[in-house]
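Below is one structure; the comments refer to it alone.
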There are 2 protein chains.
Amino acid sequence: MTDAAPRPTLEAVAARAGVSRATASRVVNGGDGVREPLVERVRRAVEELGYVPNQAARSLVTRRHDAVAVVIAEPETRVFADPFFALQLRGISKELTAHDNQLVLLLTEGRDDHARVGRYLAGGHVDGALVFSLHLDDPLPGLIRRAGVPTVFGGRPDWSDDDAGSDGDGDDRLRVRAAEGEGVNGAGRIGGREGGGRPSDLGGVMYVDSDNRDGARTAVRHLVGLGRTRVAHITGPLDQTSAADRLDGFRDVRVDVDPRLIEESDFTPAGGERAMRELLDRRPDLNAVFAANDLSAAGALRVLRERGLRVPEDVAVIGFDDMLPVADQTDPPLTTVRQDIEEMGRLMARLLLSRLDQRAAPTTATAAADKDAPTGVVLPTTLVRRASA
Amino acid sequence: MTDAAPRPTLEAVAARAGVSRATASRVVNGGDGVREPLVERVRRAVEELGYVPNQAARSLVTRRHDAVAVVIAEPETRVFADPFFALQLRGISKELTAHDNQLVLLLTEGRDDHARVGRYLAGGHVDGALVFSLHLDDPLPGLIRRAGVPTVFGGRPDWSDDDAGSDGDGDDRLRVRAAEGEGVNGAGRIGGREGGGRPSDLGGVMYVDSDNRDGARTAVRHLVGLGRTRVAHITGPLDQTSAADRLDGFRDVRVDVDPRLIEESDFTPAGGERAMRELLDRRPDLNAVFAANDLSAAGALRVLRERGLRVPEDVAVIGFDDMLPVADQTDPPLTTVRQDIEEMGRLMARLLLSRLDQRAAPTTATAAADKDAPTGVVLPTTLVRRASA
DNA sequence: CTGAAAGCGCTAACAT
DNA sequence: ATGTTAGCGCTTTCAG
């Protein structure tokens with residue numbers, strides 16, 4: 001059995017170019033401070049030998065990996081029922097690639113995996129992490145913060161007040177409130193206090209989110225603008241911040257709404273059907289529905305048709321997401337609130353990378369900038385008008 | 001600014017346990033040939049120090065990374081319009097995780113990225129690769145084979161097809177049933193004839209695919225069994241093997257079909273609409289349609305309704321994929337051919353991993369087994385009956 | 001069965 | 001501006 005072809009080392013390149021390893025290394029890493037003729041010779045040697053740096057050897061000394069983990073918690077299978085994560089991933093990938101970083105994907109499936117992910121992150125195999133955690137009770141965010149890895153969350157994490165007595169173990173809970181009450185398009189405020197915990201944890205918790213609340217307001221205002229006075233709302237699972245925020249937005253516009261016009265659901269088509277029936281039974285006179293996502297809106301549409309109600313004539317319907325194989329396939333096509341999911345992903349990566357850069361070169365200037373760095377970034381949404389409202 | 005927390009090294013563990021680094025290393029890597037009392041002491045030291053091995057240092061000497069790349073070529077945006085890859089990824093992730101391997105995700109977006117991916121793969125950063133390449137003219141497969149990295153393809157790559165007589169239950173195409181839990185060994189016969197390969201290329205090209213052809217046959221037979229005599233077919237893009245195979249399956253059952261009953265399309269709903277119109281114009285008397293995927297079937301359904309044709313009374317419709325937010329949401333719900341996508345992913349990973357193991361320990365036994373290793377594994381499909389046929 | 005020693009390929013001081 | 005010299009943390013012969 002022939003041995004695998006031995007890949008050329010820096011040593012070989014240096015020899016061929018007639019320089020020292022150090023010089024060869026300098027050229028490979030940008031070539032600053034090396035005279036042109038030498039640069040040229042080394043470049044050629046690299047070319048001829050087909051040299052590729054050994055990342056393991058490099059990481060061993062630099063302690064950088066040029067790799068970031070993407071952690072997707074998948075408590076329910078629902079996660080993959082829609083292209084949501086695929087799009088985020090794509091945005092993330094583009095940005096990471098542009099900066100020569102690798103994407104290590106970590107999919108978690110329940111409690112057992114959490115330990116594994118925590119270990120991996122704490123193991124220093126990656127420079128940072130991008131984390132998607134959907135539910136309130138998810139232990140992942142906590143675990144990850146304890147791992148002391150620079151992290152950006154996708155979607156506003158909600159670790160509001162589940163843990164008192166924060167003194168002691170450096171367990172500093174950061175409280176992040178986005179646009180509570182009045183804060184218009186709350187580009188999340190920060191409550192960053194750094195406990196005496198991990199010295200490696202420089203800044204506050206960072207996240208990127210869509211402006212769910214404002215999107216919801218826009219949708220409901222549109223309905224109201226259509227002259228609809230009895231607007232119902234099918235919510236998502238309220239232990240997810242996105243669903244909670246959309247409900248808040250709904251309430252912002254319909255301040256004293258009849259509670260019977262609000263029904264909690266679960267972001268699924270079946271859940272949407274159930275909720276729609278409930279709503280119809282309680283308030284047969286409703287003339288508009290704002291569903292917290294497109295999937296439940298699709299379910300609602302079916303029930304409406306089944307009951308002989310015309311959309312939008314009798315009942316106007318608006319969804320959320322602009323999930324594409326769905327929103328444009330319903331009958332009638334769904335008016336909905338679009339969020340730029342790919343851009344969210346891209347932004348998450350950008351945020352993390354810039355943070356990593358700061359860490360690499362902590363000048364006084366960037367150190368100051370760090371303190372003022374945005375902790376939450378909230379992207380705008382837009383209303384996409386189709387036929388349902 | 002405090003320095004980053006220094007993570008404990010093997011040295012530290014050894015010191016604390018009162019042994020040499022070598023012994024500590026042995027314990028960390030399974031502890032074979034180390035006496036129980038020492039094992040215990042080292043284990044405790046690891047625990048107390050919270051030691052985690054430095055993967056970079058390890059890779060530097062072992063030349064293993066315990067990481068595999070997943071390459072997804074995304075020539076058109078279509079790829080992410082459905083949960084197909086998400087499901088595969090999930091299967092892959094599960095299997096990889098179970099074997100302590102990391103998943104490095106490489107998304108490509110056009111020509112420029114190919115070079116990058118080729119370089120990365122050739123750079124020896126990962127132990128192997130799982131590759132999804134959709135189109136005939138994709139240069140990726142070639143690139144990758146040249147990189148000399150053990151690879152398993154998702155979906156039959158076109159160039160493994162050295163077109164022998166491709167009729168019937170082709171003897172060139174091997175059908176394999178992968179029994180759940182039986183591992184790779186249970187799965188498969190070989191279709192391998194590899195031309196003189198690279199020295200580093202040990203075996204044949206490996207891939208995992210659904211039995212598209214048989215699935216198509218099943219679908220069409222079902223239609224025929226319903227008494228439909230004028231069955232049309234909306235194909236996918238015929239430069240993808242999956243679409244070509246489904247067309248072959250269709251033809252297997254409708255041998256002398258009127259060519260006007262076949263219309264090439266592109267796997268999209270809009271394409272499905274267009275194709276359906278065309279078909280209806282040419283053969284207004286058709287009474288069944290087999291669409292090459294659920295998305296185009298959904299488009300077809302809309303056109304049928306628009307023309308006042310009842311489904312399934314006037315025209316029976318069958319799709320392919322059982323893509324879930326789609327197939328069960330159409331009106332009427334779609335009868336379709338399901339492929340177990342997650343299992344495909346899992347199988348791909350299993351295949352690659354077992355190959356990597358062989359390479360790591362090339363005894364005469366495994367070397368012999370290598371020659372007989374399955375080259376293509378084809379998973380069965382099942383018909384899911386809903387209301388449309 | 002255990003320890004000592006020799007690197008894996010690379011970068012980063014430190015010299016020159 | 002370039003070369004010299006130490007390691008980074010780990011596995012792995014090779015002695016004992």
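So that the names make sense, note that chain A is the first sequence line, chain B the second, and so on, each numbered from 1. Values in this document were obtained by computation on a predicted structure and should not be read as measured data.
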When the side chains of residues 33-52 of chain B are checked against the rest of the protein, which donor-acceptor pairs come out under 3.5 Å, sequence neighbours left out?
unit_1  : atom_1 : unit_2  : atom_2 : d
B/Arg41 : NE     : B/Ala17 : O      : 3.0
B/Arg41 : NH2    : B/Ala17 : O      : 2.9
B/Glu48 : OE1    : B/Arg16 : NH1    : 2.1

Polar side-chain atom of [X] near backbone of [Y] as donor-acceptor pair, under 3.5 Å:
{"X": "B/Asn101", "Y": "B/His99", "answer": "yes"}
{"X": "B/Thr97", "Y": "B/Ser93", "answer": "yes"}
{"X": "A/Thr62", "Y": "A/Arg58", "answer": "yes"}
{"X": "A/Thr151", "Y": "A/Val149", "answer": "yes"}
{"X": "A/Ser59", "Y": "A/Gln55", "answer": "yes"}

Q.
Test side chain to side chain contact (heavy atoms under 4.5 Å, CB included) on B/Tyr207 and B/Leu351; report intermediate values, then the result.
A. CA-CA 9 Å; B/Tyr207 69 87; B/Leu351 226 46; over 6 Å; no
What residues from residues 34-48 of chain A pass a heavy-atom cutoff of under 4.0 Å to DNA chain D?
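Correct list: A/Val34, A/Arg35, A/Leu38.
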- Are B/Val68 and B/Ile92 side-chain neighbours, meaning at least one heavy-atom pair lies under 4.5 Å?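 No, their side chains stay 4.5 Å or more apart.
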Is the closest side-chain heavy-atom distance between B/Phe132 and B/Phe85 below 4.5 Å?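 Sidechains of B/Phe85 and B/Phe132: in contact.
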Checking B/His114 now: which residues fulfil side-chain contact (heavy atoms from CB on, under 4.5 Å) with it, not counting sequence neighbours?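 side-chain contact (heavy atoms from CB on, under 4.5 Å) check on B/His114 returns B/Thr108, B/Arg111, B/Asp138, B/Pro139, B/Leu140, B/Leu143.
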Self-check item: Nearest non-hydrogen partners of A/Gly128 and A/Leu352, listed with the distance
Solution: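 Reported closest heavy-atom pair: C-CD2, 3.9 Å.
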* Asked: Which pair of non-hydrogen atoms, one from B/Arg63 and one from B/Asp127, has the smallest distance, and what is that distance?
  ->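 In terms of heavy atoms, the two residues are closest at O-OD1, 4.3 Å.
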Problem set entry | Nucleotides bounding contact with chain B, strand DNA chain C, heavy-atom threshold 4.0 Å |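 Result: C/dC1 to C/dG9.
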| said: Using five pairs at each end of the helix from C/dC1-D/dG16 to C/dT16-D/dA1 to define an axis, what is the angle between those two axes, to 10°? | reply: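 Its terminal axes enclose an angle near 40°.
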In 5'-to-3' order, the base (B), backbone-only (S) or no-contact (-) status of each nucleotide in nucleotides 10-16 of chain D, using a 4.0 angstrom heavy-atom cut-off, is BBBB---
